[in-house]
Protein chains: 2
Amino acid sequence: MALDQDRAAGSLYRKVAADLREAITSGSFGEAGRLPAEGALAEQYGVSRGTVRQALALLRADGLVTSRRGTRRVVLGSARVQSFSELLSFTHWARSMGEEPGGRLESLVRRPADAAEREQLRLEPGTEVYVTLRLRTLSGTPVMVERTVYPPRVGELVARLPADVVSHTEPLREHGILFSDADHTIDVVAANADDARLLSCRRGSPLLREKRRTTDPTGTPVEWSQDRYLPGTVAFSIHNSLASSALSRHARDED
Amino acid sequence: MALDQDRAAGSLYRKVAADLREAITSGSFGEAGRLPAEGALAEQYGVSRGTVRQALALLRADGLVTSRRGTRRVVLGSARVQSFSELLSFTHWARSMGEEPGGRLESLVRRPADAAEREQLRLEPGTEVYVTLRLRTLSGTPVMVERTVYPPRVGELVARLPADVVSHTEPLREHGILFSDADHTIDVVAANADDARLLSCRRGSPLLREKRRTTDPTGTPVEWSQDRYLPGTVAFSIHNSLASSALSRHARDED
DNA sequence: CGCCGGAAGTTGGCTGGCCAACTCGGCCGG
DNA sequence: CCGGCCGAGTTGGCCAGCCAACTTCCGGCG
């Protein structure tokens with residue numbers, strides 16, 4: 001599945017990366033084994049060394065291999081859970097795990113954006129936003145409460161969706177709204193009354209919170225969301241390295 | 001500081017990246033403005049287009065810019081908190097925020113590794129590990145309890161360190177132990193008795209947990225750590241995009 | 001037996017070039 | 001006035017080559 005997506009991506013280096021990823025996770029090079037040299041791979045796949053290096057950069061970013069100058073690459077993790085090199089929606093993620101995602105719209109209101117929302121969505125003062133509150137389920141059991149703020153252009157489309165539609169991002173894509181980049185912030189928060197009711201937990205009990213701002217390929221913000229997960233249902237997994245990383249840790253001074 | 005580190009890194013594309021990062025965060029291209037074309041930048045810096053593209057790949061991974069085929073790159077986030085493109089130790093991270101990091105060793109024991117630890121550190125059955133429990137402070141206030149498991153080679157060095165040494169990674173580096181790659185998993189956990197005592201919170205109160213396995217450049221595991229943060233003190237921040245990402249979300253099935 | 005030097009192998013980095021795919025704006029025709 | 005076509009500009013992708021830095025191993029030498 002993920003492999004097919006990689007292959008379907010078209011570009012050569014993604015195909016090479018997909019093939020190598022499969023070879024690694026199937027243990028072809030051993031638990032902590034060495035990869036063939038870049039040159040050897042280049043010849044094997046009939047591509048240039050530069051293309052192989054692009055492919056290997058993907059695998060390195062996923063934490064599958066290390067690399068240092070002077071010696072062959074080493075396999076780091078052959079048993080990674082699932083290496084989405086993708087920005088995945090809740091729906092897509094759930095499906096790729098073999099679970100059945102669900103979503104029930106609890107409320108949808110339209111109101112003027114407050115200062116924080118204008119800041120996040122880069123809106124003019126006075127602009128109205130659409131705010132949704134949804135309960136998300138995994139194979140029937142509630143796992144997450146999702147509060148999303150949409151700018152007008154997107155919100156108008158969301159408002160027209162049926163209340164029982166599972167995926168919001170898919171119909172949005174049909175209307176030309178693409179999700180390209182996202183910034184995530186993860187912390188802990190206490191359940192409020194709504195959270196407690198929807199997730200069947202006590203008020204004040206801890207929830208894993210993910211704040212997310214997503215932009216389209218032009219850099220325009222398309223959603224700002226606060227997802228609150230029931231502990232024990234999900235965990236977030238990140239890889240980083242000296243070479244390059246997408247993780248940063250910061251003190252909380254804003255909210 | 002971060003800039004100097006980037007510049008000191010030597011390679012051309014890192015210098016270009018550092019310069020562009022500064023230009024972006026100082027607002028030279030406007031809030032959601034366009035970057036100059038790759039060719040223009042190449043000429044400006046006197047490097048090839050490929051080098052510029054390497055530099056821009058770093059910025060894209062940090063979530064500073066987008067890119068699509070056909071049009072100039074767009075500035076995404078000019079106001080990022082701190083974009084360590086680095087695998088940062090607690091000590092380094094704290095210092096770069098202007099806070100004074102502290103650490104007090106609560107206990108250090110040596111005992112046979114259990115199954116999970118052997119798995120994580122890739123050790124033979126019967127191997128002994130060193131386990132430390134440390135309270136970490138930020139400018140005097142406790143923020144985190146750190147439980148770290150070291151393999152023998154590393155643990156022997158850690159055991160010889162004075163109890164009041166703030167940074168463990170720095171003296172380890174002097175002895176040739178390098179931290180290169182890390183896998184992080186973030187979730188929520190309830191404080192146990194030790195956590196509660198050290199962090200001055202109630203038993204069962206929620207803590208943000210980061211499980212981390214770090215390897216050296218050869219791919220050999222050098223530590224496996226469980227850090228438990230007091231809520232409200234830190235948050236984790238991640239960027240990802242369709243192009244490439246280091247984030248994955250998975251259901252909890254192991255612990 | 002141990003240490004050191006050198007050679008071979010490998011990745012990091014950089015160049016220059018080429019073409020395809022895509023965006024965007026302007027021009028022209030209806 | 002609107003819509004579609006076209007071309008310039010721009011990024012994605014791929015190739016071939018070159019050198020530097022580094023690791024590893026082996027053999028010679030003390």
Side-chain angles (χ1 to χ4, degrees), chain A residues 6-18 20 29 33-61 65-76 85 176 178 180-181 216-220 241-244, chain B residues 6-18 20 29 33-61 65-76 85 176 178 180-181 216-220 241-244:
Chain A
D6 267 343
R7 291 202 192 286
S11 45
L12 251 179
Y13 76 90
R14 284 180 191 275
K15 290 177 191 163
V16 173
L20 286 174
F29 305 116
R34 309 285 261 264
L35 256 59
E38 294 174 357
L41 290 171
E43 195 177 358
Q44 175 184 334
Y45 286 106
V47 300
S48 78
R49 200 188 137 211
T51 300
V52 170
R53 286 174 63 78
Q54 277 190 76
L56 291 170
L58 285 186
L59 303 186
R60 185 182 50 186
V65 298
T66 343
S67 64
R68 342 172 249 164
R69 178 151 35 185
T71 185
R72 296 252 188 95
R73 281 182 166 77
V74 175
V75 175
L76 265 187
S85 275
L178 299 175
S180 161
D181 287 78
D216 69 9
T218 73
T220 308
S241 73
L242 273 183
S244 145
Chain B
D6 266 343
R7 291 204 192 285
S11 44
L12 251 181
Y13 76 90
R14 285 181 190 274
K15 289 177 193 164
V16 173
L20 285 174
F29 304 117
R34 309 287 262 265
L35 255 60
E38 294 174 356
L41 289 171
E43 194 177 358
Q44 175 186 332
Y45 286 106
V47 300
S48 78
R49 197 186 139 212
T51 302
V52 170
R53 285 174 64 78
Q54 279 191 76
L56 291 170
L58 285 185
L59 303 186
R60 184 182 52 188
V65 298
T66 341
S67 63
R68 331 173 258 164
R69 178 152 30 184
T71 185
R72 296 251 188 96
R73 281 184 165 80
V74 176
V75 175
L76 265 187
S85 276
L178 298 176
S180 161
D181 287 78
D216 69 9
T218 73
T220 308
S241 74
L242 274 183
S244 148

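What you see is a predicted model, and the numbers here were worked out from it, not measured in a lab. Throughout, a chain's letter reflects where its sequence line sits, starting with A, and its residues are numbered from 1.
- Per the geometry, CD belonging to A:Glu43 stands 14 Å off P belonging to C:dG9, to the nearest Å.
- Among the atoms of the strands shown, base atoms are found under 4.0 Å from some heavy atom of B:Arg49.
- On the nucleic acid side, DNA chain D has its first and last nucleotide under 4.0 Å of a heavy atom of chain A at D:dG13 to D:dT24, going 5' to 3'.
- For the residue pair B:Val65 and B:Leu35, the shortest heavy atom distance occurs at CG1-CD2, 4.1 Å.
- In this structure, CG of A:Asp216 is placed 16 Å from C1' of C:dC22, rounded to the nearest angstrom.
- Counted within 6.0 Å of CD on A:Gln44, heavy atoms from surrounding residues, nucleotides or ligands total more than 12; the atom is thus considered enclosed.
- The nearest pair of heavy atoms linking A:Thr66 to B:Pro217 is CG2-O, 3.5 Å.
- In this structure, A:Arg53 reaches the C:dG12 phosphate: one of its side-chain N or O atoms is under 4.0 Å from OP1 or OP2.
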Which donor-acceptor pairs under 3.5 Å do the side chains of residues 50-58 of chain B make with protein atoms, sequence neighbours left out?
from    : atom 1 : to      : atom 2 : distance (Å)
B:Thr51 : OG1    : B:Ser48 : OG     : 3.4
B:Arg53 : NH1    : B:Glu38 : OE1    : 3.4
B:Arg53 : NH1    : B:Glu38 : OE2    : 2.9

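- A:Glu38 places its CD atom 8 Å from the C1' atom of C:dT10, with the value rounded to the nearest Å.
- When rounded to the nearest whole Å, the span between CZ of A:Arg72 and C1' of C:dG12 equals 17 Å.
- Of all heavy-atom pairs spanning B:Arg72 and B:Pro36, the tightest one is CD-C, 3.9 Å.
- For the pair B:Gly70 and A:Thr51, both in contact range of DNA chain D, the more 5′-proximal nearest nucleotide belongs to B:Gly70.
- At the heavy-atom level, B:Arg68 lies under 4.0 Å from the strands shown only through sugar-phosphate atoms.
- For B:Ser48 and C:dG16, the shortest distance from a side-chain N or O to OP1 or OP2 is not below 4.0 Å.
- Distances shorter than 4.0 Å separate some side-chain N or O of B:Tyr13 from OP1 or OP2 on C:dG13.
- Shown here for A:Asp181 and B:Ser241, the closest heavy-atom pair between the two residues is OD2-CB, 3.1 Å.
- Sequence order on DNA chain C of the closest nucleotides to A:Gly39 and B:Gly46 puts A:Gly39 first from the 5' end.
- A:Val74 and B:Thr218 make their closest contact through CG1-O, 3.5 Å (heavy atoms, listed as atom of the first residue, atom of the second, distance).
- Across all strands shown, B:Arg73 has heavy atoms under 4.0 Å from sugar-phosphate atoms exclusively, and none from any base.
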